[in-house]
Amino acid sequence: MKSFTIAIALVLYSSLLLAQGDFKTQISTAKKSYTAGKLEDAHFALQQALQELDMIIGKEVLKLMPQKFDTLAYNVKDDRVAANIGFIGATIHRSYGKQNKVDVEIINNSPLVNTLNALLNSSMLGGLVRDEKTKVVKVQGYKSRLERQSDEVDGKADYQLQIPFNNALMTLTAKATTEQAILNIANGFALAEIAKLIQ
């Protein structure tokens, strides 16, 4: 088991170094292209460098996430960071428990964030966020949208909690749980640290 853990750590460290190397290569290419007056090539290289940087940041965000909630351990094989096609930013994913009882997804530079922030922070539009299944809650000082996605069975239901940061959206989805339990899970994240890293 120890050698397996060391092998995983080496693979992760190698991929981080490779990503940093790609970032430096793209920046160097952008400088050379800019100096040569090839602005389209410089622009493309900068976009590639920013995607690499978003991938590195996404991997750092995964390190900030808890490895366990009560009896729900995180699923190592489900961890992933993917560059967003057509946008600057990345999608960060982690799941907890068997059959992905809790899923966490962070989308950086999400176009949904501005809309959700407007709904949460506008007194006129705020009523659009609340109904019998949806309400606004505060998690560690962040206004968030909590939605019950299924009918209750034995006092439990499926929930989705959306926590917008300035330019990112964190979504927690939990199966067969309670409102208080998903809020407790959300409070287990270092939200301020995650927000600082991805903004």
Side-chain angles (χ1 to χ4, degrees), residues 6-67 74-96 100 102-122 125 139-140 142-145 160-173 186 189-199:
I6 291 171
I8 295 270
L10 286 174
V11 168
L12 291 174
Y13 182 71
S14 299
S15 66
L16 184 60
L17 288 179
L18 180 61
Q20 289 173 344
D22 289 346
F23 174 78
K24 290 177 182 176
T25 301
Q26 294 297 343
I27 292 295
S28 175
T29 301
K31 285 180 183 178
K32 288 175 187 171
S33 297
Y34 180 78
T35 303
K38 298 178 181 177
L39 298 181
E40 185 177 340
D41 291 344
H43 184 258
F44 180 75
L46 285 173
Q47 283 180 322
Q48 295 297 101
L50 287 172
Q51 281 188 341
E52 291 296 332
L53 186 59
D54 285 330
M55 297 288 285
I56 292 167
I57 290 170
K59 290 174 184 171
E60 292 299 312
V61 168
L62 283 172
K63 292 178 187 176
L64 292 174
M65 290 186 184
Q67 294 190 359
Y74 86 104
N75 300 308
V76 179
K77 292 180 181 180
D78 282 354
D79 271 7
R80 67 180 175 274
V81 178
N84 294 334
I85 306 286
F87 296 101
I88 301 299
T91 299
I92 305 157
H93 176 83
R94 174 168 281 180
S95 69
Y96 295 86
N100 300 346
V102 176
D103 278 313
V104 181
E105 195 131 294
I106 299 174
I107 301 173
N108 195 9
N109 291 324
S110 169
L112 297 173
V113 174
N114 290 334
T115 304
L116 185 56
N117 274 328
L119 289 171
L120 292 173
N121 294 308
S122 168
L125 298 174
V139 179
Q140 297 180 36
Y142 295 94
K143 282 187 181 177
S144 308
R145 179 180 179 267
Q160 184 179 77
L161 179 65
Q162 294 177 318
I163 307 168
F165 303 117
N166 283 344
N167 65 341
L169 179 64
M170 180 176 188
T171 303
L172 291 156
T173 306
F189 284 87
L191 295 182
E193 290 179 50
I194 290 171
K196 184 177 180 183
L197 192 56
I198 61 178
Q199 292 181 28

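Just so you know, residue 1 is the first one in the sequence shown, and it goes up from there. All values derive from a computational prediction rather than experimental measurement.
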Side chain to side chain contact (heavy atoms under 4.5 Å, CB included) between Asn75 and Tyr96, intermediate numbers included: CA-CA 6 Å; Asn75 300 308; Tyr96 295 86; 5.5 Å; no
Where is the tightest heavy-atom contact between [X] and [Y], given as atom of each residue plus distance?
X: Ile57; Y: Leu197; result: CG2-O, 3.6 Å
X: Val81; Y: Ala90; result: CG1-CB, 4.2 Å
X: Ala192; Y: Gln140; result: N-OE1, 4.4 Å
X: Ser33; Y: Ala42; result: CB-N, 3.5 Å
X: Ala186; Y: Val139; result: CB-CG1, 3.7 Å
X: Pro164; Y: Ser144; result: CD-CA, 4.3 Å

Nearest-0.5 Å distance, [atom1] of residue [X] to [atom2] of residue [Y]:
X: Met170; Y: Glu105; atom1: CE; atom2: CD; answer: 11.0 Å
X: Arg145; Y: Gln160; atom1: CZ; atom2: CD; answer: 7.0 Å
X: Ile56; Y: Leu53; atom1: CD1; atom2: CG; answer: 6.0 Å
X: Leu46; Y: Tyr34; atom1: CG; atom2: OH; answer: 10.5 Å
X: Ile106; Y: Phe165; atom1: CD1; atom2: CZ; answer: 6.0 Å
X: Thr171; Y: Asp103; atom1: OG1; atom2: CG; answer: 10.5 Å

Could you walk me through whether Ile92 and Leu62 pass the side chain to side chain contact (heavy atoms under 4.5 Å, CB included) test, one step at a time? CA-CA 7 Å; Ile92 305 157; Leu62 283 172; 3.7 Å; yes
Does either side chain, that of Ser95 or that of Asp78, offer a donor lying less than 3.5 Å from an acceptor on the other one?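 Yes, side-chain donor-acceptor contact under 3.5 Å.
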Quick check against the 3.5 Å criterion: does Arg94 have a side-chain atom that pairs as donor or acceptor with the backbone of Pro66?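 Checking the backbone N and O of Pro66 against the side chain of Arg94, a donor-acceptor pair under 3.5 Å is found.
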Any sub-3.5 Å donor-acceptor pair from Thr35's side-chain atoms to Lys31's backbone N or O?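 Indeed, once roles are kept as given, a pair shorter than 3.5 Å links the two residues.
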Passes side chain to side chain contact (heavy atoms under 4.5 Å, CB included), Leu64 versus Phe189? Steps please. CA-CA 8 Å; Leu64 292 174; Phe189 284 87; over 6 Å; no
Below 4.0 angstrom, N of the basic side chain to O of the carboxylate: do Lys196 and Glu193 qualify?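 Salt bridge absent between Lys196 and Glu193.
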Between Glu52 and Thr25, is a side chain to side chain contact (heavy atoms under 4.5 Å, CB included) present by the stated rule, with each step listed? CA-CA 10 Å; Glu52 291 296 332; Thr25 301; over 6 Å; no
